[in-house]
Structures are given as structure tokens and as C-alpha cells.
Protein chains: 2
Amino acid sequence: MANASDPKETLATRLQAAVQARGQRWTEQRQVIADVLAASDGHATGAELVELVRAADPSATPSTVYRTLDLLEELGFATHHHGVDGRETYHLEEVVAHGHVHCHGCGAEVEIDADVAKPILAAIERATGYAADLDHLSLQGRCPSCRAAAAR
Amino acid sequence: MANASDPKETLATRLQAAVQARGQRWTEQRQVIADVLAASDGHATGAELVELVRAADPSATPSTVYRTLDLLEELGFATHHHGVDGRETYHLEEVVAHGHVHCHGCGAEVEIDADVAKPILAAIERATGYAADLDHLSLQGRCPSCRAAAAR
DNA sequence: GAGTCTATCGCAACATGTTGCAATAAGCCA
DNA sequence: TGGCTTATTGCAACATGTTGCGATAGACTC
């Protein structure tokens, strides 16, 4: 821990600067939420974050957590997507943009990083004209081993 | 209406046959839900279906509707995916398989039919080894006109 | 430091789904 | 037809988010 870039410190600090630059306010609750998010590994559901925040500050309420999360998205510090079960999953912006693919055979979920996704996004653009968002790329299908098992 | 194939009749009938073939039971509620689904255009959220079913049969409850919808999926008569806002959207199997792409600029949502999707699915397979599911393909990005507006 | 403006908070109610459980009734067999 | 088995229902409680509103408290000015 405590490496050179110290991401936990910089997240809260940069967030505070960004919030205040927009004429908005920096509060205790936002500090707590920023800390919790920085301490997570960058993948957490809304409910998990609410629970973690309440553990750090029992007076916090879900509405505050979700509203702050919305603010983080607006400011570009986080993104969220809906997983297979429809639950929200939040990512820190520090985590490099990536998509997900979920296997409905074995339930495995793997990440798709930018390099791997490049030809997929290119195909989407050619086919539809849309510039798709890697962070919202959430696919379902069958992984290679389940396909092999099904073929037998 | 009342065309040659008469899909409304056949859905309930075929569903009943499939349910009974599995040793399961055919009930009033399932008949109502099948009728409602057949009368929809093949795109309805869970909440909409619950409301429609309750309009047809006020004694029906949400749990019954959702459980029946799960059954329809198991039997291959319907599929569902989660839209941009995380709400569930159900499709009848009669509607040809298709994906969706949502523009986060203007909010437009367009369908991606099988032909258009083919190169996308091929790219996904090449990049990840996964055989992706067209019905669960739910993308977000920027549509051509929003991209043009942003470029200016 | 005091006063003002208003963004943010916490609460409570709501929306959409999910789950456990006891009561009901569909389908089967004698 | 009558009785039995158990899938299905309806209820109620819960889980996860969202929204409206009055109270609180940041931040700014004087």
C-alpha cells in the first residue's frame, strides 16, 4: 500500500476540486463515499456501496449514496452499468475502460479490455453507425468451454 | 387482424402443450398472461405486463406474473433483457431475435436485427471466443447524428 | 463574525422485482 | 366420481433503487 501515486488521496482531492469548481459543495458524506469508492477495487454494486458507506458512517442514507454516485458520473469520475441480473455496478474512472461478457452456461464473467474490444466496436460502428461505449458493453453468450461441452 | 397464422391462438395453445408436456399445470392465470403477451407487440417491461394482466384479471399478483414469465423463458417462448435504466423488457419468441442500441446523446433506441448483427457477433467471437447472444445484445453509444453534432 | 442563499441531507413513500410459506386447486389414478 | 399428490397461487415481507419535500448547513458577502 501507500504507493507513489496514492490513488485514494488523489480521488477525494480531485473530486473535491471538481465539485467546487462547479459551484457545488464538499461535504462529510461525499468525503466518506469517495473514500469507500477509492478503497473498493473498482467493481461494486449500488447495494454494496450503500452498505460500505453506512459502515463508515451510519447516518448516511441510500438516497445520499445514490445521488452522490450520480454526481460522480456526471463529473466523469465513475461509470455504472447494469449486470446480468439488472443490478447496478459502479466502476471508478481510474479503472481502465472495459466491457464485460457473461456466460449463461457456467456463469463465468470476464472483462473485455480496450484492445480486445477494438474490433468489436469497429464492427458495431460499421453495422449501425453508432460509436458504442466500451464501459456499457455488457454481453451475454456462451464461453468456449461451454460451447465445446454443448457441441459434444 | 386475424391473419392466417393467428399467432394469439397458437401462442396460448402451444404454450399449454409445452407446459403440460413437462408435467406442469395449465391454469387460468397462465392463459391470461399468454393472452396479454400475445396481444402486446413483443416489447413490454415487467411492470407494464403486470399492469395489463391485472387489468384482465384483478386477482393476479406480480409474483405470479413474474414467475410465469420465467417459465416462458425456460420454455423458450420469451426472452428478456435489461434496458438502459435496468428495467426488464420482455420479448415474445415470435418476434425475430434482435439486439438494441441506445444513444446516450439523444436517447434514441434502435433495434439491431440479425443480419446487421452478424458481423458484430463474428467480431465478438474472434476477440473473446464467446458465442454472444443476440437477444441480450444491449449496447449504448452515440448515434450518427449526435456524433456529427459533437464533432462540430 | 453575522446574515443570506441555496445545495445537500435525511426521511418517508414509492416503483420494480424477488422470495418464503401456507392454502388452493390441477391433473392423475383407482 | 372421489381422493391424493404436489405444482401453483396469493400474500406479505424483503431487496434495490428513485423521488419529493422540509430541515440543515456549506459557502459567500458584508
Side-chain angles (χ1 to χ4, degrees), chain A residues 12 15-34 36-37 40 43-75 78-91, chain B residues 12 15-34 36-37 43-75 78-90:
Chain A
L15 180 55
Q16 178 172 7
V19 166
Q20 294 181 328
R22 298 214 321 177
Q24 294 180 293
R25 294 168 188 173
W26 187 247
T27 63
E28 265 306 310
Q29 290 85 347
R30 288 181 176 177
Q31 177 78 46
V32 169
I33 293 168
V36 164
L37 211 46
S40 82
H43 277 75
T45 65
E48 280 165 4
L49 290 173
V50 169
E51 200 175 343
L52 288 169
V53 169
R54 298 196 68 126
D57 175 2
S59 75
T61 58
S63 55
T64 301
V65 176
Y66 285 113
R67 282 193 279 228
T68 301
L69 256 10
D70 285 349
L71 177 66
L72 292 227
E73 279 201 73
E74 251 182 73
L75 293 171
T79 59
H80 87 276
H81 75 108
H82 296 275
V84 182
D85 57 358
R87 300 279 182 279
E88 305 196 318
T89 305
Y90 285 86
H91 296 181
Chain B
L15 180 55
Q16 177 171 6
V19 165
Q20 294 181 328
R22 298 213 322 176
Q24 295 180 291
R25 293 167 188 174
W26 187 246
T27 63
E28 264 306 309
Q29 289 85 348
R30 287 180 178 178
Q31 178 77 48
V32 169
I33 293 168
V36 165
L37 211 46
H43 277 75
T45 65
E48 280 166 3
L49 290 172
V50 168
E51 200 175 343
L52 289 169
V53 169
R54 298 195 69 129
D57 174 3
S59 74
T61 57
S63 56
T64 300
V65 176
Y66 285 113
R67 282 192 280 229
T68 302
L69 256 11
D70 286 349
L71 178 66
L72 292 228
E73 278 201 73
E74 251 181 73
L75 292 171
T79 60
H80 86 276
H81 76 107
H82 296 275
V84 182
D85 58 357
R87 300 277 183 279
E88 305 195 319
T89 305
Y90 286 86

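Across residues 25-32 of chain A, A:Arg25, A:Trp26 each have a non-hydrogen atom less than 4.0 Å from an atom of DNA chain D (numbered order).
Outside the 6.0 Å centre-distance limit, the rings of A:His80 and A:His91 are not counted as a close aromatic pair.
Distance A:Asp57 CG to C:dT8 P: 17 Å, rounded to the nearest Å. Distance B:Tyr66 OH to D:dG10 P: 15 Å, rounded to the nearest Å. Between the CG atom of A:Asp85 and the P atom of C:dG17 there is a distance of 13 Å, given to the nearest Å. Between the NE2 atom of B:His82 and the C1' atom of D:dG17 there is a distance of 14 Å, given to the nearest Å. Straight-line distance from the CG atom of B:Asp70 to the P atom of D:dT9: 12 Å, rounded to whole Å. The separation between B:Arg22 atom CZ and C:dG27 atom C1' is 16 Å, rounded to whole Å. When rounded to the nearest whole Å, the span between CG of A:Leu69 and P of C:dT8 equals 15 Å. A:Leu75 has its CG atom 10 Å from the P atom of C:dT8, to the nearest Å.
Between B:Tyr66 and B:Leu49 there is no side-chain heavy-atom pair separated by less than 4.5 Å. A heavy-atom distance below 4.5 Å is not found between the side chains of A:Leu69 and A:Glu88. Using a 4.5 Å heavy-atom threshold, the side chains of A:Thr27 and A:Thr68 count as separate.
Taking 3.5 Å as the limit, the base of C:dC9 and the side chain of A:Ser59 contain no donor-acceptor pair of atoms between them. Checked by distance alone, A:Ser63 brings a side-chain donor or acceptor within 3.5 Å of a matching partner on the base of C:dC11. For B:Arg87 against D:dG17, no side-chain N or O and base N or O form a donor-acceptor pair under 3.5 Å.
When every heavy atom of A:Val65 is checked against every heavy atom of A:Ile33, the shortest pair comes out as CA-CD1, 3.8 Å.
Across the interface with DNA chain D, nearest-nucleotide mapping of B:Gly23 and B:Thr61 shows B:Gly23 to be the residue nearer the 5′ end. Two residues, B:Arg67 and B:Gln16, neighbour DNA chain C, and the one matched to the more 5' nucleotide by heavy-atom proximity is B:Arg67.
A:Tyr90 pairs with exactly one of A:Glu48, A:His43, A:Glu73, A:His81 by the side-chain contact (heavy atoms from CB on, under 4.5 Å) rule, that one being A:Glu73.
Applying the 4.0 Å criterion to OP1 and OP2 of D:dG10, one finds that B:Thr64 has a side-chain N or O inside that range.
A donor-acceptor pair is defined here as one N or O able to donate and one able to accept, closer than 3.5 Å; such a pair exists between the side chain of B:Arg30 and the backbone of B:Arg25.
Comparing C:dC9, D:dA27, D:dT9 by their closest approach to the side chain of A:Gln20 singles out D:dA27.
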